[in-house]
K.L.:
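Please read through the structure below; I'll follow up with questions.
Please read all numbers here as calculations on a predicted model, not as lab measurements.
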Amino acid sequence: MENTSVAQKLEALVKLQSIDSKLDEIKKLRGDLPDEVQDLEDEIEGYKTRLGRFNTELEELEQSIKDNKNGIKDAEKLIAKYSEQQNNVRNNREYDAITKEVELQQLEIQILEKKTKEAHEAIERKKGEIENINEVISERSADLENKQQELKEILEDSKDEEEKLLTDREKAGKKIEPKLFKYYEKLRANLSNGLAVVTVKRGAAEGCNIVIPPQKIAEIREKKKIVIDEHSGRILADVDMESLEEEKPKRTTRRKKKA
């Protein structure tokens with residue numbers, strides 16, 4: 001790596017950029033499908049989590065109804081017990097005390113019956129919500145299955161090519177020193193078109209079309225150092241001389257005046 005010339009480094013960078021551009025094209029063919037699949041998976045997972053929470057709440061409501069019924073039975077037993085005791089009271093004070101206890105138990109029964117009714121109503125609402133969520137999960141799952149199939153077909157079509165490109169990319173990456181490779185990776189991530197290594201065409205850098213001064217163009221052609229575009233940070237790897245020749249204005253020849 002230490003003995004690698006600048007020209008060889010630039011050649012390796014151009015190769016790497018070419019591979020990455022081809023990989024970008026493959027990803028473009030997939031479009032937004034991978035993101036759509038991921039979004040649907042996350043959405044379905046969210047609904048399932050909500051469904052689990054609703055089912056837990058349903059179980060708690062059903063348990064509360066059982067507890068209320070047991071509470072009513074206990075209160076009815078106490079009322080029967082107190083009613084029997086009323087027949088054996090010795091004075092009005094005892095009678096009034098027992099009567100108060102009976103009234104408290106009757107009030108407890110009313111409260112528990114009200115809670116039971118509310119729990120039944122809540123169960124019906126919860127069942128409706130669970131039914132709606134199950135319908136949504138069913139719809140989203142069908143959408144997900146279609147998109148997953150579509151994505152699978154696209155992936156299968158480009159699988160061999162992508163695997164080969166990834167193998168080539170690994171080989172190309174090894175020919176570039178770690179610091180330069182890291183700069184390239186970071187630069188690519190920050191550029192919308194992914195072009196980190198470009199050629200100067202018609203006097204301007206590819207990807208940003210910013211005019212490069214003639215002196216810098218000469219430096220790029222010499223390939224004695226890595227030249228960075230000061231505006232975009234792109235690595236200027238080469239100069240397209242044919243495009244430069246096209247840009248040169250044609251000389252006009254003056255006709256000699258007749259004597």
K.L.:
Using the salt bridge (Lys or Arg N to Asp or Glu O under 4.0 Å) rule, pick out the option among Glu156, Glu162, Glu153 that qualifies with Arg30.
P.N.:
Glu162
K.L.:
For Arg93, which residues count as a salt bridge (charged side-chain N to carboxylate O under 4.0 Å, His left out) partner, sequence neighbours excluded?
P.N.:
none
K.L.:
Tell me, which pairs form a side-chain hydrogen bond (donor to acceptor under 3.5 Å, both in side chains) where one or both residues lie in residues 41-51, sequence neighbours left out?
P.N.:
Gln38-Asp42, Glu41-Gln148, Glu43-Arg140
K.L.:
Can you list, by chain and residue number, the hydrophobic cluster partners of Leu104 when the side-chain cut-off is 4.5 Å?
P.N.:
none
K.L.:
Can you list the residues that meet the salt bridge (charged side-chain N to carboxylate O under 4.0 Å, His left out) rule with Glu121, with sequence neighbours excluded?
P.N.:
none
K.L.:
Would you please say whether a donor-acceptor pair under 3.5 Å links the side chains of Glu101 and Gln105?
P.N.:
no
K.L.:
May I ask you to test the Asp238-Leu10 pair for a side-chain heavy-atom distance under 4.5 Å?
P.N.:
no
K.L.:
Any side-chain heavy-atom pair from Val6 and Lys224 closer than 4.5 angstrom?
P.N.:
no
K.L.:
So, using side-chain hydrogen bond (donor to acceptor under 3.5 Å, both in side chains) as the criterion, who are the partners of Lys100 when residues are at least two apart?
P.N.:
none
K.L.:
Testing the basics here: between Ala205 and Leu236, what is the closest heavy-atom pair and its distance to 0.1 Å?
P.N.:
CB-CD2, 3.7 Å
K.L.:
Under the side-chain hydrogen bond (donor to acceptor under 3.5 Å, both in side chains) test, which residues partner Thr167, sequence neighbours left out?
P.N.:
none
K.L.:
As an exercise, state the distance from CD1 of Ile228 to OH of Tyr183, rounded to the nearest 0.5 Å.
P.N.:
4.0 Å
K.L.:
Minimum heavy-atom separation for Thr199 and Glu206, please, with both atom names.
P.N.:
N-OE1, 3.0 Å
K.L.:
If every non-hydrogen atom of Leu16 is compared with every non-hydrogen atom of Phe181, which pair is closest and at what distance?
P.N.:
CD2-CE1, 3.6 Å
K.L.:
Applying salt bridge (charged side-chain N to carboxylate O under 4.0 Å, His left out), name anything that partners Lys15, two or more places apart in sequence or on another chain.
P.N.:
none
K.L.:
Given 3.5 Å as the limit, does a donor-acceptor pair link the side chain of Gln8 with the main chain of Ser5, or not?
P.N.:
yes
K.L.:
Rounded to the nearest 0.5 Å, how far does CG of Leu40 lie from CG of Asp143?
P.N.:
6.0 Å
K.L.:
Could you give the side-chain donor-acceptor pairs of residues 52-67 under 3.5 Å, partners two or more places apart or in another chain?
P.N.:
unit_1: Asn55; atom_1: ND2; unit_2: Leu51; atom_2: O; d: 3.2
unit_1: Thr56; atom_1: OG1; unit_2: Gly52; atom_2: O; d: 2.9
unit_1: Glu57; atom_1: OE1; unit_2: Lys126; atom_2: NZ; d: 2.7
unit_1: Gln63; atom_1: NE2; unit_2: Asp67; atom_2: OD1; d: 3.1
unit_1: Ser64; atom_1: OG; unit_2: Leu61; atom_2: O; d: 2.6

K.L.:
Members other than Tyr95 in its cluster, when Ile, Leu, Val, Met, Phe, Trp, Tyr link by side-chain heavy atoms under 4.5 Å?
P.N.:
Ile72, Leu78, Ile79, Tyr82, Val89, Ile98, Val102, Ile109, Leu112
K.L.:
Compare every heavy atom of Ala237 with every heavy atom of Val14, then report the nearest pair and how far apart it is.
P.N.:
CG2-CB, 3.6 Å
K.L.:
Under the side-chain contact (heavy atoms from CB on, under 4.5 Å) rule, what do Ile212 and Val239 come out as? Steps first, then yes or no, please.
P.N.:
CA-CA 10 Å; Ile212 307 297; Val239 178; over 6 Å; no
K.L.:
For residues 187-197, dump all side-chain donor-acceptor pairs below 3.5 Å to protein atoms at least two apart in sequence or in another chain.
P.N.:
unit_1: Arg188; atom_1: NH1; unit_2: Asp24; atom_2: OD2; d: 3.0
unit_1: Arg188; atom_1: NH1; unit_2: Gly194; atom_2: O; d: 2.9
unit_1: Arg188; atom_1: NH2; unit_2: Asp24; atom_2: OD1; d: 3.1
unit_1: Arg188; atom_1: NH2; unit_2: Asp24; atom_2: OD2; d: 3.4
unit_1: Asn190; atom_1: ND2; unit_2: Lys186; atom_2: O; d: 3.2
unit_1: Asn193; atom_1: OD1; unit_2: Leu195; atom_2: N; d: 3.1
unit_1: Asn193; atom_1: OD1; unit_2: Arg234; atom_2: NH2; d: 3.2

K.L.:
So, using side-chain hydrogen bond (donor to acceptor under 3.5 Å, both in side chains) as the criterion, who are the partners of Asp229 when residues are at least two apart?
P.N.:
Ser232
K.L.:
With sequence neighbours left out, what residues match Glu150 under salt bridge (charged side-chain N to carboxylate O under 4.0 Å, His left out)?
P.N.:
none
